[in-house]
Amino acid sequence: MPFDKKFKIMKHISVIDLLASTAIHQEFTVKGWVRSFRANQFVALNDGSTIKNIQCVVDFENTDPALLKRITVGAAVSITGMLEESQGAGQRVEIKVKTIEIAGDADPEEVKLTILSPKRHSLEKLREQAHLRVRTNTFGAIMRLRSKLAFAVHEYFNKNGFYHAHTPIITGSDAEGAGEMFRISALDPENPPKNEDGSIDYSQDFFDKETNLTVSGQLEAETYALGLGKVYTFGPTFRAENSNTSRHLAEFWMIEPEVAFCDLDGNMDLAEDFIKYVINYALENCQDDLEFLENRLVQEDKSKPQAERATMLLRDKLKFVVENNFKRVSYTEAIDILRNSKPNKKKKFKFPIDQWGADLQSEHERYLVEKHFECPVILFDYPANIKAFYMRLNEDGKTVRAMDILFPGIGEIVGGSQREERLDVLKDKMAELDIPEEELWWYLDTRKFGTCIHSGFGLGFERLVLFATGMTNIRDVIPYPRFPGHAEF
RNA sequence: GAUAUUGUAGCUCAAUGGUAGAGCAAAGACUUGUUAAGUCUGAAGUUGUAGGUUCGAAUCCUUCCAAUAUCGCCA
């Protein structure tokens with residue numbers, strides 16, 4: 001039984017249920033926000049349950065003009081009336097209004113200064129009013145899709161025998177090496193206790209040590225994989241990097257599965273299967289929102305030169321990902337492809353590829369994904385010296401069992417690896433990179449007590465939402481984006 | 001952090017160094033089965049900021065601020 005019926009919390013029906021209802025000539029109460037009020041009688045009402053509006057027809061000749069005047073764009077209203085078949089062409093059913101109550105007024109003179117005013121607004125303008133943008137069609141669609149995708153993430157792992165591990169947000173280890181961290185402290189910033197050498201004495205802080213916001217739950221997830229077998233984390237992650245791009249955030253949500261007795265091949269299989277499941281879930285469960293976002297992109301493309309237009313519609317692009325295998329290519333093969341590529345020979349790359357061992361720049365990744373293979377690509381077996389300390393060293397002694405998944409238009413969406421399970425090799429690597437063993441004693445313990453082959457990856461949730469929605473700026477797929485200089489709202 | 005571009009009405013944009021203008025939105029009136037409704041009317045501006053060049057600056061120069069894109073770091 002639906003929650004609303006069971007607990008009688010809501011005495012009104014949602015728009016999504018009303019639009020699907022066949023209860024013609026029955027009375028309903030519906031509550032939402034006025035999207036438009038046409039011809040003094042047609043209220044387009046939206047309550048967020050779906051991108052679609054319910055049309056409510058007001059008998060304006062028998063309604064107090066003072067009340068009609070308060071039915072303005074953005075106002076919250078409660079409408080009671082009969083569900084009837086619509087005489088107009090745009091909708092199957094509509095509500096013949098019996099009573100209309102203004103729950104919350106919206107002064108048109110003030111509404112016109114906001115993005116609520118009924119016209120097209122740029123995404124930049126919407127970003128400045130992030131608290132109101134969820135009331136627009138575009139952001140309603142994006143955020144409903146984001147919510148559904150998050151649900152699909154949990155559903156996938158739950159169906160496949162994974163346990164959700166809640167790894168800490170506050171971390172006492174600063175050896176993860178995934179980026180600059182945000183320090184957290186309860187000390188008086190005006191007058192912190194000092195050591196003799198003038199540095200801040202964190203032993204007097206809340207946790208008796210220096211602590212930060214997590215940059216990754218991976219190390220903790222590894223310890224849980226080596227007990228629960230298959231685990232995943234899905235939570236906020238923080239990076240204090242001064243990154244100003246359309247695909248980086250200082251606060252983002254990361255999905256990190258970790259699996260015991262799983263090698264890199266199994267890891268790639270998991271990542272590919274997972275992504276396909278989640279994208280397919282959106283295709284099957286978010287059709288109205290995807291249709292709207294697809295049309296939005298088509299409209300946007302019309303103002304672009306032919307060469308910059310999308311070659312595939314949004315939903316076709318998603319279907320393509322679901323139905324086709326990702327191309328798996330070793331780093332060494334990728335270097336060969338790039339070295340012999342036209343842009344490399346014609347010196348079109350800003351960073352020419354000449355020898356094995358070079359880190360791939362985004363221009364190279366884009367070439368592989370968007371020009372050469374034209375599909376998602378999994379790159380694996382990277383040179384050891386450009387990757388993190390915990391990745392499994394291959395028998396060749398120079399590559400590690402790392403893999404990145406590259407998506408068209410987005411770049412790196414997944415970064416993962418088989419983890420180094422051999423205690424001596426791991427210790428040598430840490431010594432090489434000056435990572436103190438004392439910091440990670442608990443992590444090293446996993447390699448002492450019943451170590452085993454295991455693998456995992458990190459997937460940036462917002463990058464997945466970017467791909468699924470066809471949006472191009474990551475700040476538009478999270479309610480309140482955090483990036484350098486921006487923590488408003 | 002680097003580079004580039006942009007900043008004019010609520011929004012999207014015009015304006016050769018010479019009177020700041022249009023569309024949309026909003027307001028008022030009319031119309032009333034509309035689908036981003038329609039018709040008419042009036043209103044709306046310290047051209048991001050601070051300085052400079054010039055008889056004259058939205059326009060040229062400099063400072064600062066902001067936004068966006070690309071790059072680096074990554075997810």
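Note on naming: letters A, B, ... go to the chains in the order of the sequence lines (proteins, then strands), and numbering restarts at 1 for each one. Bear in mind that the values here come from a model prediction, so they are computed numbers and not experimental data. Both backbone and side-chain heavy atoms feed into the values below; hydrogens, waters and symmetry mates do not.
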Report task. Could you please name the option among B/G28, B/G33, B/U68 that lies closest to any side-chain atom of A/Lys69? Result -> B/G28

Query - A/Gln361 CD - B/C74 P separation (whole Å) - result: 10 Å

Report summary line: So salt bridge (Lys or Arg N to Asp or Glu O under 4.0 Å) across residues 83-94 of chain A, not counting sequence neighbours, yields A/Glu94-A/Lys96

Report summary line: Note on RNA chain B: ranges paired as stems (three or more Watson-Crick/G-U pairs in a row, both atom distances under 3.5 Å) are B:1-7 with B:65-71, B:10-13 with B:21-24, B:27-30 with B:38-41, B:50-52 with B:60-62

Query raised in the report: Does A/Tyr367 have A/Lys342 sitting over its ring (NZ/CZ under 6.0 Å from centre, angle to axis within 45°)?
Result: no

Requested in this report: Indicate the ring-plane relationship of A/Phe326 and A/Phe407, choosing parallel, tilted or perpendicular according to the 30° and 60° boundaries.
Outcome: perpendicular

For nucleotides 37-42 of chain B, tabulate all protein N/O to nucleotide N/O atom pairs closer than 3.5 Å, reporting atom names and distance.
{"residue": "B/A37", "atom": "OP2", "partner": "A/Arg38", "partner atom": "NH1", "Å": "2.8"}
{"residue": "B/A37", "atom": "N7", "partner": "A/Ala39", "partner atom": "N", "Å": "3.3"}

**Report entry** Side-chain-base donor-acceptor pair under 3.5 Å for A/Glu110 and B/G10
**Finding:** no

Query raised in the report: With sequence neighbours excluded, what pairs up with A/Ile169 under the side chain to side chain contact (heavy atoms under 4.5 Å, CB included) test?
Result: A/Leu213, A/Pro236, A/Phe238

**Report entry** Geometric cation-pi criterion A/Arg475 and A/Phe483, 6.0 Å radius, 45° cone
**Finding:** yes

Identify each atom pair where a protein N or O and an N or O of nucleotides 64-66 of chain B are less than 3.5 Å apart, giving names and distance.
none

Report task. Sequence neighbours left out, what passes ring-ring contact (aromatic ring centres under 6.0 Å, His included) with A/Tyr156? Give chain and number order. Result -> A/Phe274, A/Tyr277

Requested in this report: Compute both the distance and the angle, then confirm whether A/Lys387 meets the cation-pi test with A/Tyr382: under 6.0 Å from the six-membered ring centre, within 45 degrees of the axis.
Outcome: yes

Query - Positions of residues 130-157 of chain A (non-hydrogen atom under 4.0 Å from RNA chain B), listed by number - result: none

Requested in this report: Can you sort out the partners of A/Ser21 under side chain to side chain contact (heavy atoms under 4.5 Å, CB included), two or more places apart, ordered by chain and number?
Outcome: A/Ala23, A/Phe28, A/Leu83

Report task. In whole angstrom, give the distance that lies between atom CG of A/Leu360 and atom P of B/G72. Result -> 11 Å

Query raised in the report: Are any side-chain N or O atoms of A/Asn212 and backbone N or O atoms of A/Met181, one a donor and one an acceptor, separated by less than 3.5 Å?
Result: no

**Report entry** Under 4.0 angstrom between A/Arg35 side-chain N/O and B/U34 OP1 or OP2
**Finding:** no

Query - Protein-nucleotide distance (A/Met181, atom CE; B/C74, atom P), rounded to Å - result: 15 Å

Report task. List the protein contact pattern of nucleotides 43-50 of chain B with one symbol per nucleotide (5' to 3'): B for base contact, S for sugar-phosphate-only contact, - for none; contact means a heavy-atom distance under 4.0 Å. Result -> --------

Query raised in the report: Near RNA chain B, which residues from residues 54-62 of chain A have a heavy atom under 4.0 Å away?
Result: A/Gln55, A/Phe60

Are any protein N/O atoms closer than 3.5 Å to N/O atoms in nucleotides 11-14 of chain B? If there are, list each pair with its distance.
{"residue": "B/C11", "atom": "OP1", "partner": "A/Lys125", "partner atom": "NZ", "Å": "3.2"}
{"residue": "B/C11", "atom": "O2'", "partner": "A/Lys119", "partner atom": "NZ", "Å": "3.3"}
{"residue": "B/C11", "atom": "O2", "partner": "A/Lys119", "partner atom": "NZ", "Å": "3.1"}
{"residue": "B/U12", "atom": "OP1", "partner": "A/Ser122", "partner atom": "OG", "Å": "3.3"}

**Report entry** Donor-acceptor pair under 3.5 Å, A/Gln87 side chain vs B/G33 base
**Finding:** yes

**Report entry** Neighbour count above 12 (heavy atom, 6.0 Å) for A/Tyr224 OH
**Finding:** no

Report summary line: A/Tyr480 meets the ring-ring contact (aromatic ring centres under 6.0 Å, His included) criterion, sequence neighbours left out, with A/Phe489

